[in-house]
Visitor: 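Here you go, one structure.
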Amino acid sequence: MATALALPLAGLFFFRIYENQLIHQTESELIGQSAAIAAVMRRELETRAPENIPLGAEIPTPKTDPAEPYTPIMPTLDLTTDDMLRRRPEARPAAAPADPSFVALGARLAPDLVEIQQVTLAGFRLLDRKGVVIAGREEIGLSLAHVEEVAEALEGRFRSVMRSRISKHEPPPLYSWSRGTAVRVFTAMPIVLRGRVAGVVYASRTPSNIFKNFYDERGKVALAGLTIASLALLIGFVFQRTITRPMRELMRRTAAIGRGDRSALRPLAHHGAMEIAQLSQSFLDMAANLQNRSDFIATFAAHVSHELKSPLTSIQGAAELLRDDLDPSAQGMSTEDRRRFLDNIISDAGRLTAVVQRLRELARAEATPTSGSTTAADAVVDLRSGFETLGIEANGDLDRAIRISAESVRIVLSHLADNAARHGATQLTIAAAVQGEDLRIAVRDNGSGISRANRDKVFDSFFTTRRDRGGTGMGLAIARAMLQAHGGSIALAEDGGGAPPGAAFVLTLPLAERDRPQS
């Protein structure tokens with residue numbers, strides 16, 4: 001948008017620069033032509049005028065550098081900063097007639113001025129030392145000494161000005177866009193003879209119009225316009241291919257994903273720019289993660305409701321039976337039955353407490369901070385104090401620092417040890433070994449193990465083979481969530497044909513910076 005708004009301003013600025021260049025060109029041409037006419041007039045005065053011919057103001061001899069003998073007069077007019085003077089004042093009657101020698105000189109040069117004007121379209125007037133016109137098409141014998149630029153030239157200084165111009169003909173409407181159509185450039189150059197002003201060459205001309213120049217150069221202007229249009233089309237095509245098309249496709253994918261279309265999660269067919277490819281891939285990855293998270297939450301909610309429903313139903317049934325037993329009209333319940341129902345309520349309440357506790361641990365595992373570090377050796381010490389019935393053996397790179405807090409690794413190993421103890425294990429072996437930038441920890445027990453049918457389900461939330469004994473099926477899910485939060489992982493060890501009995505897990509955790517191998 002900023003570029004589009006700047007284009008008209010840039011065009012107007014270009015017009016002003018080009019018009020100013022036309023002013024400079026006109027001034028430069030008038031300087032050259034006036035200098036040539038002044039040289040001719042000075043030679044005529046030197047060869048034909050008498051020695052005692054009256055001259056004007058004395059001009060101080062300028063100091064010249066022998067190494068730089070030239071004294072150029074450069075164009076200085078600026079259409080944007082210089083004042084625009086009013087239309088040139090009319091000539092006035094002269095206080096005294098011009099010297100006969102100057103009158104004769106003007107008569108000789110008048111035909112040459114006419115021919116020059118026919119070619120250059122510039123107007124010339126030759127003035128004597130008092131500003132009286134001695135040659136030109138009009139105003140012969142009248143004085144222009146009161147004109148500002150002429151008065152300065154009579155003092156020996158070159159002067160150029162811009163004056164307002166009123167054309168005799170109405171300009172075309174298009175010309176009104178150009179300020180140069182209402183300007184006429186005037187130059188007044190002194191003619192110096194014997195260190196004094198002998199006269200003035202007074203020249204004027206209207207600069208060329210910018211639109212007329214464009215018309216004269218219409219072939220080049222058309223080629224430039226065609227080039228700009230082609231470049232604009234090329235840029236538009238590139239933008240369409242690299243930005244617009246991929247963005248529209250990404251917008252369509254967004255709408256499809258919002259409608260639940262999982263097929264829209266595939267990569268875009270055309271990415272365009274590298275940044276768009278990165279953006280689209282990041283968005284699709286985020287959408288996939290959110291979709292998976294949504295599926296997980298839906299499944300998790302279903303599992304939670306199922307896990308809570310059974311004990312709640314049991315508690316409600318037992319409570320209703322106990323309440324009915326309070327009715328005097330009903331047959332009384334035996335003390336043994338009441339105790340049994342109360343035991344069921346307490347058991348189911350305990351199961352609800354265990355489920356809620358595991359849910360809290362799972363939530364904490366998924367939102368656990370990833371700062372801190374510890375060693376496997378410290379975790380083994382805590383594990384031995386917490387599970388005294390298990391014989392725990394540990395070996396390998398236990399002293400290498402891993403990027404996980406001591407509390408987090410204690411929770412993970414505690415769940416594995418608890419599962420082992422509940423499945424009849426008496427021995428737990430922990431072996432640590434460095435692999436690249438990770439520490440691989442193998443944990444094996446000698447319990448009843450995991451059947452082949454259950455190997456693919458052990459990490460699922462609420463999956464347990466001990467539901468009747470109070471198992472919640474969330475221990476391994478909590479361990480996996482905790483490790484993933486720290487950039488690690490947990491997996492079942494490969495079940496070889498000759499493997500010893502029990503369950504074996506492989507934990508992978510990143511090493512802390514200080515213990516990473518130097519590359």
Side-chain angles (χ1 to χ4, degrees), residues 292 295-296 299-300 303 307 358-359 361-362 365-366 368 376 379-380 382-384 386-387 389-398 400 402-404 408-511:
N292 293 335
D295 294 344
F296 170 77
T299 304
F300 187 79
H303 281 304
E307 289 296 320
R358 289 293 186 264
L359 288 174
E361 291 180 0
L362 180 61
E366 293 185 343
T368 184
V380 170
D382 294 338
L383 196 64
R384 283 173 175 159
F387 295 87
T389 59
L390 279 176
I392 300 176
E393 295 182 3
N395 56 75
D397 299 320
L398 299 174
R400 302 297 289 271
I402 48 181
R403 201 171 66 233
I404 186 173
S408 298
V409 74
R410 185 193 66 79
I411 293 175
V412 171
L413 293 180
S414 295
H415 280 295
L416 296 179
D418 182 68
N419 281 346
R422 292 178 182 276
H423 284 83
T426 60
Q427 190 73 25
L428 190 69
T429 303
I430 300 175
V434 174
Q435 287 188 348
E437 296 185 350
D438 299 322
L439 184 67
R440 184 177 181 273
I441 303 175
V443 181
R444 178 179 291 276
D445 64 56
N446 63 347
S448 59
I450 301 172
S451 67
R452 290 184 177 274
N454 294 334
R455 289 180 64 86
D456 295 335
K457 298 180 287 184
V458 291
F459 292 105
D460 294 345
S461 300
F462 303 108
F463 174 77
T464 180
T465 58
R466 299 183 299 106
R467 192 174 304 278
D468 55 340
R469 288 170 289 170
T472 61
M474 298 182 65
L476 291 178
I478 292 173
R480 181 177 62 178
M482 187 74 70
L483 292 173
Q484 288 178 345
H486 290 83
S489 63
I490 182 173
L492 273 173
E494 294 294 332
D495 184 18
F505 295 89
V506 176
L507 283 64
T508 303
L509 280 164
L511 290 169

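Index from 1, following the sequence. Keep in mind it's a predicted model, so treat the numbers as computed, not measured.
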Visitor: Which pair of non-hydrogen atoms, one from Ala376 and one from Ile441, has the smallest distance, and what is that distance?
Guide: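 Heavy atoms of Ala376 and Ile441 come nearest at CB-CD1, 4.3 Å.
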Visitor: In Å, rounded to the nearest 0.5 Å, how long is the span from CG of Asp418 to CG of Leu390?
Guide: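 Result: 9.5 Å between the selected atoms.
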Visitor: If we only count heavy atoms from C-beta on, is the Ile402 to Leu511 side-chain gap below 4.5 Å?
Guide: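 Ile402 vs Leu511: side chains touch.
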Visitor: What are the two closest heavy atoms between Ala425 and Gly447, and how far apart are they?
Guide: CB-N, 3.6 Å
Visitor: Ala504: what forms a side chain to side chain contact (heavy atoms under 4.5 Å, CB included) with it, not counting sequence neighbours?
Guide: Arg444, Ala493
Visitor: For Thr426, give me all partners under side-chain hydrogen bond (donor to acceptor under 3.5 Å, both in side chains), at least two apart in sequence or on another chain.
Guide: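 Once residues adjacent in sequence are excluded, the partners of Thr426 under the side-chain hydrogen bond (donor to acceptor under 3.5 Å, both in side chains) criterion are Asn446.
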Visitor: With rounding to the nearest 0.5 Å, note down the distance linking CG in Asp438 to CZ in Arg403.
Guide: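 Answer rounded to 0.5 Å: 8.5 Å.
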Visitor: For the side chain to side chain contact (heavy atoms under 4.5 Å, CB included) test, which of Val506, Leu509, Asp397, Val434 pairs with Arg440?
Guide: Val506
Visitor: Tell me every residue that passes side-chain hydrogen bond (donor to acceptor under 3.5 Å, both in side chains) with Glu393, counting only those two or more places apart in sequence or in another chain.
Guide: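 Residues passing side-chain hydrogen bond (donor to acceptor under 3.5 Å, both in side chains) with Glu393: Gln427.
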Visitor: Under the rule for side chain to side chain contact (heavy atoms under 4.5 Å, CB included), what residues qualify as partners of Ala503, not counting sequence neighbours?
Guide: Asp445, Ile450, Phe505
Visitor: Roughly how far apart are His415 NE2 and Arg480 CZ, rounded to 0.5 Å?
Guide: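 The NE2 atom of His415 sits 13.5 Å away from the CZ atom of Arg480.
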Visitor: Quick check for you: to the nearest 0.5 Å, what is the distance between Leu413 atom CG and Asp382 atom CG?
Guide: 9.5 Å
Visitor: Does Leu416 reach the side chain of Ile490, with side-chain heavy atoms less than 4.5 Å apart?
Guide: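 In short, these two side chains touch, coming nearer than 4.5 Å.
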Visitor: In Å and rounded to the nearest 0.5 Å, what is the CG to CG distance from Leu507 to Leu483?
Guide: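 Rounded to the nearest 0.5 Å, the CG-CG separation comes out at 5.0 Å.
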